Amino acid sequence: MAPGWVVLLLFAGCSVALDNKQAFTVSQKCSEDTNTFLWEINQDRPKEYAVVMYDAFGKMGSNVKGGNANQPGLLQQCRSARGPAFSGQYCQVFLRQETVQYFVGICVPDSCGEDDVQMLVLCGRLQFGQNSFIPPLPPILVNNSTQEMIMTHCLSNSITPDASDVTCLFVCCVMVAIPLAATLFTAILRWQRNREVRPTAESACLNTGLNLYGTLKTNGSSSSDINSGTSEDNSNNNYKDWKKTVESNPLHVLTISGPVFLAVDTFLLLGGLLSARSLLGSIDRAEDKLSPSLVASYLFRRIKRIQPLHLFIMCLTIGLISLVQWGPYWFPFIDTMMDCKTYWWANLLLTSNLLPVHEICIPWTWYLSLDFQCYATTPLLVYFYRLNRFVFVVVAGGLLLMTTVASAVITALLHLPVFQPSTLTSENYVLSYYVRPHTRYGPFLIGILTGIYLTTKKDQLLKQKWQAALGWFCCLSLMASVVGLAYILGETPTHPSVPHALYQGLHRPLWALAVTWIILACEEGYGGFIKRLLSLGFWVPLSNISFACYLTHPLFIILYIGLQETPIHYTDINFMYLFLGHLLLTLVVSYVFTVLVEKPYLLLKWSST
């Protein structure tokens with residue numbers, strides 16, 4: 001966030017700024033309007049606009065030691081101020097005192113740009129009498145009272161979409177309009193057929209090109225296979241208290257190293273299993289021939305499965321950013337979301353996980369790129385399996401060894417923790433390990449092997465109950481070990497650590513093996529209540545919208561935080577309501593996106609007759 005040219009001391013005077021950046025001066029209009037505001041606020045009976053602007057400045061609150069260092073002020077109140085020749089403009093000044101970083105919301109005339117604001121602050125122009133509008137945190141809270149300016153940022157009072165924003169919104173409208181038009185067309189044809197006015201119209205029209213027959217009518221009830229695709233929180237005013245509360249809770253172990261954290265590896269395992277079964281099924285239907293055209297069709301189906309909704313959400317995100325007037329807590333997302341306009345092509349080509357993570361457009365979609373890259377290896381492994389079993393074992397074993405060794409070596413060389421840290425103490429964890437295919441391929445490979453075995457097996461593996469009981473004991477023990485060891489190895493190592501490296505290299509494949517056992521046991525009739533739970537009809541409608549939920553739920557979190565004018569206070573009840581609110585909105589909107597976008601393009605067919 002710090003600008004590349006210099007970090008400036010706030011109270012070193014204008015000379016420091018001018019020595020480092022001669023071009024920095026306050027524009028005449030900004031200077032005149034600021035002087036008008038400052039003169040007015042120092043009168044015995046200042047005008048209303050000046051009082052409103054002064055009142056909108058951020059002030060220090062309670063619980064700074066608990067994390068409430070930010071002083072956001074009041075954005076909308078600032079914008080509502082109307083001076084004699086200017087309006088109020090909300091800006092943020094980002095500061096550092098010792099190790100405490102925080103921002104202060106200030107209200108200045110809208111004739112001032114960010115460079116003007118920076119100079120006004122550096123020169124100490126923003127004062128009420130002899131008191132600064134941006135006083136440092138007191139020594140009782142922070143030992144060093146010297147403020148360092150990191151940057152300034154002003155939020156625009158107007159919405160100004162550019163050409164790329166308009167283009168993205170247009171693409172979203174077209175993507176929704178095509179299925180709606182096709183459905184309307186189909187409904188008209190059915191109505192005409194039922195009235196027996198034009199009995200052959202439907203068949204004649206549907207055979208001329210695009211076949212979107214009944215897409216939206218089908219979407220509401222269809223259960224077609226959807227499973228194959230399958231810095232610290234400064235918006236809290238007590239985030240340090242929140243962190244202590246969470247980390248002292250025994251359930252925290254499940255979030256940092258257990259099923260929640262390893263869910264990605266479970267999805268990769270299931271993706272590999274389903275990809276192998278799907279490809280082998282296609283080979284059987286093609287008279288046992290693995291041809292290039294079959295592989296191309298297999299990969300195209302995958303692209304058709306994930307890309308329409310993925311690109312729709314990307315375009316919607318780019319367009320949405322330009323239409324919303326964001327609040328003070330939007331700043332953590334600025335660079336992340338703006339990268340969409342530069343690196344959108346990586347999402348289109350499904351290579352976003354190969355970029356530095358801070359450049360990924362809608363960052364949570366890195367998984368789609370990783371999944372497709374793994375998915376593209378399935379035809380090669382199936383080819384070796386059909387060619388020669390010994391070659392297949394050598395290739396599969398070599399790939400598994402490669403991904404294990406790569407994870408261990410990277411962890412040792414870069415001193416990585418064994419799970420994603422809650423702060424940026426180890427940025428290399430994500431950049432060099434977490435999103436890369438060569439470190440995350442193991443579970444997908446195990447899924448491919450499992451899919452080949454389940455598709456080609458001729459007899460049950462488990463023949464007696466003691467075998468099933470032993471398998472369950474080993475499975476649960478392995479899962480418990482993976483969870484517990486991560487908790488034990490929780491600290492980020494300061495030197496190459498053999499335990500950390502071994503755990504990092506092995507824990508994901510081992511977790512995948514444990515989940516593989518659960519799948520095998522359920523497949524062969526030894527799943528017990530777990531199979532009954534996973535087979536409940538309750539999961540079917542949720543599975544149909546799960547892909548849309550994955551893509552859309554971060555948007556609601558970003559919107560909520562980005563629109564906040566005041567910080568969120570952590571309590572269990574507050575966060576429970578936030579969770580339930582986000583969940584409900586995600587389910588409703590995901591159903592709409594599934595019906596309007598995902599399923600129509602998934603069911604899209606071309607007719608050649």
Side-chain angles (χ1 to χ4, degrees), residues 261-276 279 295 299 302 349-357 366-420 426 428-453 478 481-482 485-486 489 493 496-517:
F261 181 72
L262 290 164
V264 171
D265 302 288
T266 305
F267 289 135
L268 287 170
L269 170 75
L270 295 174
L273 186 155
L274 292 170
S275 70
L279 181 58
V295 173
L299 295 176
R302 185 61 175 173
L349 299 177
L350 292 170
T351 58
S352 61
N353 65 316
L354 304 180
L355 295 173
V357 70
W366 67 267
Y367 174 82
L368 295 181
S369 297
L370 171 66
D371 181 76
F372 183 77
Q373 292 156 14
C374 294
Y375 193 85
T377 67
T378 303
L380 182 63
L381 286 168
V382 169
Y383 170 77
F384 283 125
Y385 174 79
R386 289 161 54 84
L387 176 67
N388 184 286
R389 300 299 165 83
F390 176 75
V391 174
F392 170 72
V393 170
V394 171
V395 172
L399 288 172
L400 188 58
L401 180 63
M402 177 204 71
T403 187
T404 301
V405 171
S407 298
V409 170
I410 290 173
T411 298
L413 293 179
L414 299 180
H415 308 167
L416 300 183
V418 296
F419 54 82
Q420 188 168 355
S426 184
N428 281 331
Y429 181 86
V430 175
L431 293 175
S432 302
Y433 168 76
Y434 190 73
V435 301
R436 303 306 188 196
H438 56 276
T439 56
R440 303 302 300 273
Y441 185 61
F444 197 94
L445 175 59
I446 293 172
I448 293 174
L449 301 179
T450 305
I452 292 175
Y453 170 75
L478 186 58
S481 299
V482 169
L485 283 173
L489 300 172
S497 169
V498 174
H500 284 77
L502 287 175
Y503 180 87
Q504 195 83 293
L506 293 172
H507 78 288
R508 298 188 188 280
L510 290 177
W511 178 267
L513 286 174
V515 178
T516 296
W517 162 260

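Nothing here was measured: the structure is a model prediction, and the numbers come from that model.
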Backbone N or O of Y441 within a donor-acceptor pair of the Q373 side chain at under 3.5 Å?
-> no
Distance-only, no hydrogens or angles: does the S432 side chain make a donor-acceptor pair with backbone N or O of Y429 under 3.5 Å?
-> no
Any idea which heavy atoms bring P379 and L279 closest together, and the distance?
-> CA-CD2, 3.5 Å
Separation of I448 CD1 from L381 CG (nearest 0.5 Å) | 5.0 Å
CG on L268 to CG on L273, rounded to 0.5 Å | 12.5 Å
Hey, does the side chain of T403 reach the backbone of H438 with a donor-acceptor pair shorter than 3.5 angstrom?
-> yes
Student check: side-chain heavy atoms of L413 and P496 closer than 4.5 Å = no
For A514 and L478 the tightest heavy-atom approach is CB-CD2, 4.2 Å
Exam field: side chain N428 to backbone L431, donor-acceptor pair closer than 3.5 Å | no
Residues S369 and T351: side-chain donor-acceptor under 3.5 angstrom | no
Which atom names give the shortest non-hydrogen contact between T404 and G505, and what distance separates them?
-> CG2-O, 3.2 Å
Working to the nearest 0.5 Å, report the span between CG of D265 and CG of L270.
-> 11.0 Å
Does any N or O in the side chain of N353 come within less than 3.5 Å of the main-chain N or O of V435, such that one atom is a donor and the other an acceptor?
-> yes
Lys NZ or Arg CZ of R440 over Y434 ring: under 6.0 Å, within 45° = yes
Pairwise distance CG(L445) to SG(C374) - rounded to 0.5 angstrom | 9.0 Å
Within the distance-only criterion (no hydrogens, no angle test), does the side chain of T378 pair as donor or acceptor with the backbone N or O of Y375 below 3.5 angstrom?
-> yes
Rounded to the nearest 0.5 Å, what separation is found between the OG atom of S352 and the CG atom of L370?
-> 9.5 Å
Take atom OH of Y383 as the centre, draw a 6.0 Å sphere, and report whether it contains more than 12 heavy atoms from other residues, nucleotides or ligands.
-> no
Go through the side-chain N and O atoms of Y503 and T411 and say whether any donor and acceptor fall under 3.5 Å apart.
-> no
Shortest non-hydrogen contact from Q504 to V418?
-> OE1-O, 3.4 Å
Non-hydrogen atoms of H415 and P493 that approach each other most closely = CB-O, 3.4 Å
Output field: ring centroids F384/F392 closer than 6.0 Å | no
Answer yes or no: is there a side-chain heavy-atom contact under 4.5 Å between V391 and V394?
-> no
Side chain to side chain, P443 and F267, heavy atoms closer than 4.5 Å = no
Whether R389 side chain and Y385 backbone form a donor-acceptor pair below 3.5 Å = yes
Within 45° cone and under 6.0 Å: R436 NZ/CZ vs Y433 ring = no
Exercise: identify the closest heavy-atom pair between L262 and R508 | CD2-NH1, 3.8 Å
